[in-house]
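One structure below.
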Amino acid sequence: MYLHLSSTSSKKMRKYSISDIEKLTGLSTHSLRAWEKRYGFVMPNRTDSKIRYYNDDQLVTLINASFLLERGYKISAIADMSQKEISDRVLELARDQNVAITDLVKLLATATLALDEDTIRAVIEDEISQSGFEATFLFLIYPFLQYLGVLWAAGKSLPAQEHFVSHLLAQRLNAELEEISQGTKSPMIFALLDEEEHEIGLLLSCYLAKLRNIKCVYLSRKVPVENLQPVIELTNAKRIMTIFTIPPAEDTIINLKSFLADSQTDLLYSGIKIDALDEQATFFANPQEFINFLDQTS
């Protein structure tokens, strides 16, 4: 497995507080401050008001340091290494050992920050070869996307890295979907509504349904609610699956509730739970809940 966990070359770096770093790396605030004082290891930047903050490069180094510490390395030895030496040592260990899923999640995160396509593809393909496609996306990619959610929230922005990795994952899911014949069971519509545009969850849902011989009508992104009824009439679909990655606009909820009240269609959704839809839709907190639903109803 090829891994090259170098620091990011992105010019515009985000800022992470020390508490963000603790959450993202598992390293305690106490340890970070002690290493800074004793070894000069990953010296934080400071704002005009002297508040510590870290950038993407430093986050990558600290994630890699956490990887080495968990494998018995002393911080004194890590502090003597350059960024490249730390990355190379992680590479050696990842090649020689069976790396846990939690470690792979962090390795994918550092590769994403570095816009390292080769590493992302290699990690995913290696895991697929060992565990299969469905298990890889359920137990590696899904936790990875959750971890990225924490990462982006800490960074207070949605940078190019997110679009970069989303495109790679969408490519891989689409390739796998093309290998599965269209199902013969009752059709299901897959659509992101109105302002939604992040397709990974929807593509995964479509893949899970198609595996179970369900005919999938995939409408992609930013579908106006009013466009759903003509599709239902054409396909005779009784179920619509969608994902909310951001809170929907009030107009979207109103239109959706009105549509559901007038149609004989079941709305299924995941992502952010929308309390206003409790009486008219079925929510899945994770992919396994959706799988259970499909296995019981399809």
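- With values rounded to the nearest 0.5 angstrom, Leu138 atom CG is found 4.5 Å from Ile291 atom CD1.
- Residue Asn286 holds its CG atom at 8.5 Å from CD of Gln146, rounded to the nearest 0.5 Å.
- Listed for the Thr110 side chain is no donor-acceptor partner under 3.5 Å among the backbone atoms of Val60.
- Closest heavy-atom contact between Asn227 and Pro230: O-CD, 3.3 Å.
- Looking at Ser131, its side chain never comes within 3.5 Å of a backbone N or O of Ala135 through a donor-acceptor pair.
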* So Gln58 and Asn45, side chain to side chain donor-acceptor pair (under 3.5 Å) or not? Walk me through it. -> CA-CA 10 Å; Gln58 291 169 319; Asn45 307 285; 3.2 Å; yes
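- Under the side-chain contact (heavy atoms from CB on, under 4.5 Å) test applied with Val105, the options Val123, Leu140, Ile141 reduce to a single match, Leu140.
- Look at Arg212 and Glu134 and you find a salt bridge, because one of the NZ, NE, NH1 or NH2 atoms lies within 4.0 Å of a carboxylate O, short of that distance.
- Hydrophobic clustering places Ile63 together with Tyr39 (ILVMFWY residues linked when any side-chain heavy atoms are closer than 4.5 Å, directly or through intermediates).
- For the pair Leu62 and Leu27, the tightest heavy-atom approach, listed with the atom from each and the gap, is O-CD1, 3.6 Å.
- Within a 6.0 Å radius of CD in Glu279, other residues, nucleotides and ligands contribute 12 heavy atoms or fewer.
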* Under the salt bridge (Lys or Arg N to Asp or Glu O under 4.0 Å) criterion, do Glu127 and Arg121 qualify, and how do the steps go? -> CA-CA 10 Å; Glu127 191 62 24; Arg121 290 188 184 279; over 6 Å; no
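- In the hydrophobic clustering of this structure, Tyr53 does not group with Leu113; members are Ile, Leu, Val, Met, Phe, Trp, Tyr whose side-chain heavy atoms approach within less than 4.5 Å, directly or through other members.
- For the pair Asp57 and Asn55, the tightest heavy-atom approach, listed with the atom from each and the gap, is N-OD1, 3.1 Å.
- Within the model, atoms OG1 of Thr136 and CZ of Arg172 stand 9.0 Å from one another, a figure rounded to the nearest 0.5 Å.
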* To do: Dump the intermediate steps for side chain to side chain contact (heavy atoms under 4.5 Å, CB included) on Leu145 and Val165, then the final yes or no.
  => CA-CA 10 Å; Leu145 293 174; Val165 74; 5.5 Å; no
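- In this structure, OG in Ser263 is found 9.0 Å from NZ in Lys238, a value given to the nearest 0.5 Å.
- Using a 4.0 Å cut-off between a side-chain N of Lys or Arg and a carboxylate O of Asp or Glu, Lys222 and Glu195 do not qualify as a salt bridge.
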* Where do Lys210 and Ser181 land on the side chain to side chain contact (heavy atoms under 4.5 Å, CB included) test, with the steps shown first? -> CA-CA 8 Å; Lys210 205 171 181 183; Ser181 299; over 6 Å; no
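- Taking Ile, Leu, Val, Met, Phe, Trp and Tyr as hydrophobic and joining them when side-chain heavy atoms fall under 4.5 Å apart, one finds Leu193 in a cluster with Ile189, Val217, Leu219, Val223, Val225, Leu228, Val231, Ile232, Ile240, Phe244, Ile253, Leu256, Phe259, Leu260, Leu267, Tyr269, Ile272, Ile274, Leu277, Phe283.
- A donor-acceptor pair shorter than 3.5 Å can be found between the side chains of Asp20 and Ser17.
- Ion pairing of Glu85 with Arg89 is absent here, as no side-chain N (NZ or NE/NH1/NH2) approaches a carboxylate O to less than 4.0 Å.
- Taking both residues in full, the closest heavy atoms of Gly183 and Lys215 are given as O-CB, 3.5 Å, listed atom of the first, atom of the second, then distance.
- Grouping Ile, Leu, Val, Met, Phe, Trp and Tyr residues whose side-chain heavy atoms lie under 4.5 Å apart, directly or via other members, leaves Ile254 alone, with no other cluster members.
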* Worked verdict on Tyr218 versus Glu199 for side chain to side chain contact (heavy atoms under 4.5 Å, CB included) -> CA-CA 11 Å; Tyr218 195 86; Glu199 283 191 82; 2.7 Å; yes
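- Formation of a donor-acceptor pair under 3.5 Å by the Ser205 side chain with backbone atoms of Gly201 is found in this model.
- Annotation for Thr119 and Ala111: closest pair CG2-CB, 3.5 Å, computed over non-hydrogen atoms.
- No close placement of the Tyr142 and Phe137 rings is indicated, their centers lying 6.0 Å or farther apart.
- At distances below 3.5 Å, at least one donor-acceptor pair connects side-chain atoms of Ser129 with backbone N or O atoms of Asp126.
- The shortest non-hydrogen separation linking Leu24 to Lys106 is O-CE, 4.0 Å.
- Residues passing the ring-ring contact (aromatic ring centres under 6.0 Å, His included) test with Tyr207 are Phe133, sequence neighbours excluded.
- Not a single donor-acceptor pair under 3.5 Å links the side chain of Gln161 to the backbone N or O of Thr112.
- Around atom CD of Gln264, no more than 12 heavy atoms belonging to other residues, nucleotides or ligands sit under 6.0 Å away.
- For the atom pair Ser220 OG and Leu192 CG, the distance stands at 6.5 Å (nearest 0.5 Å).
- Of the possible donor and acceptor atoms, none in the side chain of Glu197 sits under 3.5 Å from a partner among the backbone N and O of Arg221.
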* Go through Arg71 and Asp103 one step at a time and tell me if the salt bridge (Lys or Arg N to Asp or Glu O under 4.0 Å) criterion holds. => CA-CA 11 Å; Arg71 281 150 185 80; Asp103 289 322; 2.5 Å; yes
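- Side chain to side chain, Arg239 and Thr297 meet the donor-acceptor criterion of an N or O pair below 3.5 Å.
- Met43 and Met81 are members of different hydrophobic clusters when ILVMFWY side chains are connected at heavy-atom separations under 4.5 Å.
- Under the 4.0 Å criterion applied to side-chain N and carboxylate O atoms, Lys273 and Asp278 are assigned as salt-bridge partners.
- With no hydrogens or angles considered, a side-chain donor-acceptor pair links Thr245 and Glu196 at under 3.5 Å.
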